[in-house]
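By convention in this document, chain letters (A, B, ...) are assigned in the order of the sequence lines, proteins followed by strands, and residues within each chain are numbered from 1. Please read all numbers here as calculations on a predicted model, not as lab measurements.
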Number of protein chains: 2
Amino acid sequence: MKARATETQRKTRIQTENEEKILDAALEEFSAHGFRGATIDRIAQHAGMSKPNLLYYFRRKQDIYEALIARLLDTWLEPLRELDAIGDPLPELQSYIRRKLEMARDFPRESRLFANEMLQGAPRIKRLLQSELKPLVDEKAEVLKGWMKAGRINPVDPRHLIFSIWSTTQHYADFDVQVQVILGPDRGADGRFEDAARYLETLFLDGLRPKNAAGDGPRIRTL
Amino acid sequence: MKARATETQRKTRIQTENEEKILDAALEEFSAHGFRGATIDRIAQHAGMSKPNLLYYFRRKQDIYEALIARLLDTWLEPLRELDAIGDPLPELQSYIRRKLEMARDFPRESRLFANEMLQGAPRIKRLLQSELKPLVDEKAEVLKGWMKAGRINPVDPRHLIFSIWSTTQHYADFDVQVQVILGPDRGADGRFEDAARYLETLFLDGLRPKNAAGDGPRIRTL
DNA sequence: CGAAATCTTGACTGTTTGATAAAACTCTAA
DNA sequence: TTAGAGTTTTATCAAACAGTCAAGATTTCG
């Protein structure tokens, strides 16, 4: 009779399977339409079960969404956690960028779900951002600052540096349609991924200013 | 009796005012909740009028959305149009980045509306992207290629370069909540904007690798 | 097997939503 | 001033929506 009670209780095979199916379908829906735009009917349909049956596993729409968010944030921050203060700065950053890019490739729906929540003003995870995300970023910002002080990477605002890594990599998941329209069908998904990886490597390591050439031009006005 | 007919017909003062009020309210709603998540009721309420009255100006929900999208794309592409093949590459790119950053600061709702449409797979503007966006990007990609061939900027994939400018700048509008959580309240909106501008300038011009120092470290594995 | 626990379904409720009709009201220009 | 165009509201509708309930079907396990 009681299915998803919070009590310590082993999950049935069917329960595990169905919860998985539901969360997968819900990810599809929520990531494309946001919390309000998604409907239980569509999630149930996509999960291949009746609406009342879905509601047997998750009492309310919000419960599905929260279950999704809960499992998301941890996965999402994993790449940043791996940024190692002991390692060499540039290779560390490079592999962080690559890990984020791989996540955008392998978990685009998760990326979009996160983006959707942000666009809405993060009403449901703002607190989590405060308690989980911020301390982690603070910690890693200190690591970056250390590298800068040692002259091992150029001195920039470490937090904005992190923003730029997030945005450039997640762009390939969140704006996938646009990317495909612009790049055309010539190059498949794998090719696009490698192109993006190569480009971001150059951008973050060396920027656009040519090192050898004198062709620098005048500084632009600082408006 | 007939209000918003497609016929050539002068608009009333009231008509102009109310359409403006509606579009502003709709922008608020659609940018935060997407097409499905937004409701006419809430838009009407936010616009300070009754739902039937709103529907007197825009027959269907979709009409409001489309009116919004139509006026958006043109504004959105304006900064890229200004990228001048004749100018000096680095200052041109720098001021393009700055213009995009200014748009993120001054029109965050428009940015979010666009992002929302993308997350949904751009069902309503995919065609417009093909016919308007792609040719423009193709044209500007050629400009960039020319600069690269002349050795005036580092050789990179021009389209991915454009993606990175879009993503880094729009991030400050689309993920504003997250940015605020991480940066804290110490620095106001203006300070954040200037910090971002300064950081992006360094990133795009010089990247992170220090020029003077030898501290380079080994190359990372190309996974 | 067979009973208890688990799972599934159809029928249903109250509410919200997009949209319409027509009556009532307001503004404007001759 | 007043007729008619333009605007707003009240009342209403059908569909979509989140969520409930109890009865029936299935699985699990002693």
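Here B/Glu132 pairs with nothing under the salt bridge (charged side-chain N to carboxylate O under 4.0 Å, His left out) rule; sequence neighbours left out. Checked against salt bridge (charged side-chain N to carboxylate O under 4.0 Å, His left out), A/Arg105 has no partners two or more places apart in sequence or in another chain. Annotation: salt bridge (charged side-chain N to carboxylate O under 4.0 Å, His left out) contacts of A/Arg159 (sequence neighbours excluded): A/Asp138. The side chain to side chain donor-acceptor pair (under 3.5 Å) check on A/Trp76 picks up nothing, with sequence neighbours excluded. With sequence neighbours excluded, the residues satisfying salt bridge (charged side-chain N to carboxylate O under 4.0 Å, His left out) with A/Glu28 are A/Arg109. When the side chain to side chain donor-acceptor pair (under 3.5 Å) test is applied to B/Gln45, no partner is found at least two apart in sequence or on another chain.
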ask   = Just by protein heavy atoms under 4.0 Å, how would nucleotides 21-30 of chain D read 5' to 3' in B, S and -?
value = B-----SS--

For residues 122-131 of chain B, run the donor-acceptor check on the side chains, cut-off 3.5 Å, and write out each pair with its distance to 0.1 Å, sequence neighbours left out.
| unit_1 | atom_1 | unit_2 | atom_2 | d |
| --- | --- | --- | --- | --- |
| B/Ser131 | OG | B/Arg127 | O | 3.3 |
| B/Ser131 | OG | B/Leu128 | O | 3.4 |

For residues 181-191 of chain B, which side-chain donor-acceptor pairs fall under 3.5 Å, sequence neighbours excluded?
| unit_1 | atom_1 | unit_2 | atom_2 | d |
| --- | --- | --- | --- | --- |
| B/Arg187 | NE | B/Asp195 | OD1 | 3.3 |
| B/Arg187 | NE | B/Asp195 | OD2 | 2.5 |
| B/Arg187 | NH2 | B/Asp195 | OD1 | 3.2 |

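Here side chain to side chain donor-acceptor pair (under 3.5 Å) pairs that include residues 34-43 of chain B, with residues two or more places apart or in two chains, are A/His33-B/Arg36, B/Glu29-B/Arg42, B/Asp41-B/Lys51.
In the region residues 30-43 of chain B, proximity to DNA chain C at under 4.0 angstrom, judged on heavy atoms, holds for B/Ala38, B/Thr39, B/Ile40, B/Asp41.
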Between the protein and nucleotides 22-25 of chain C, list every N/O to N/O distance that falls short of 3.5 Å.
none

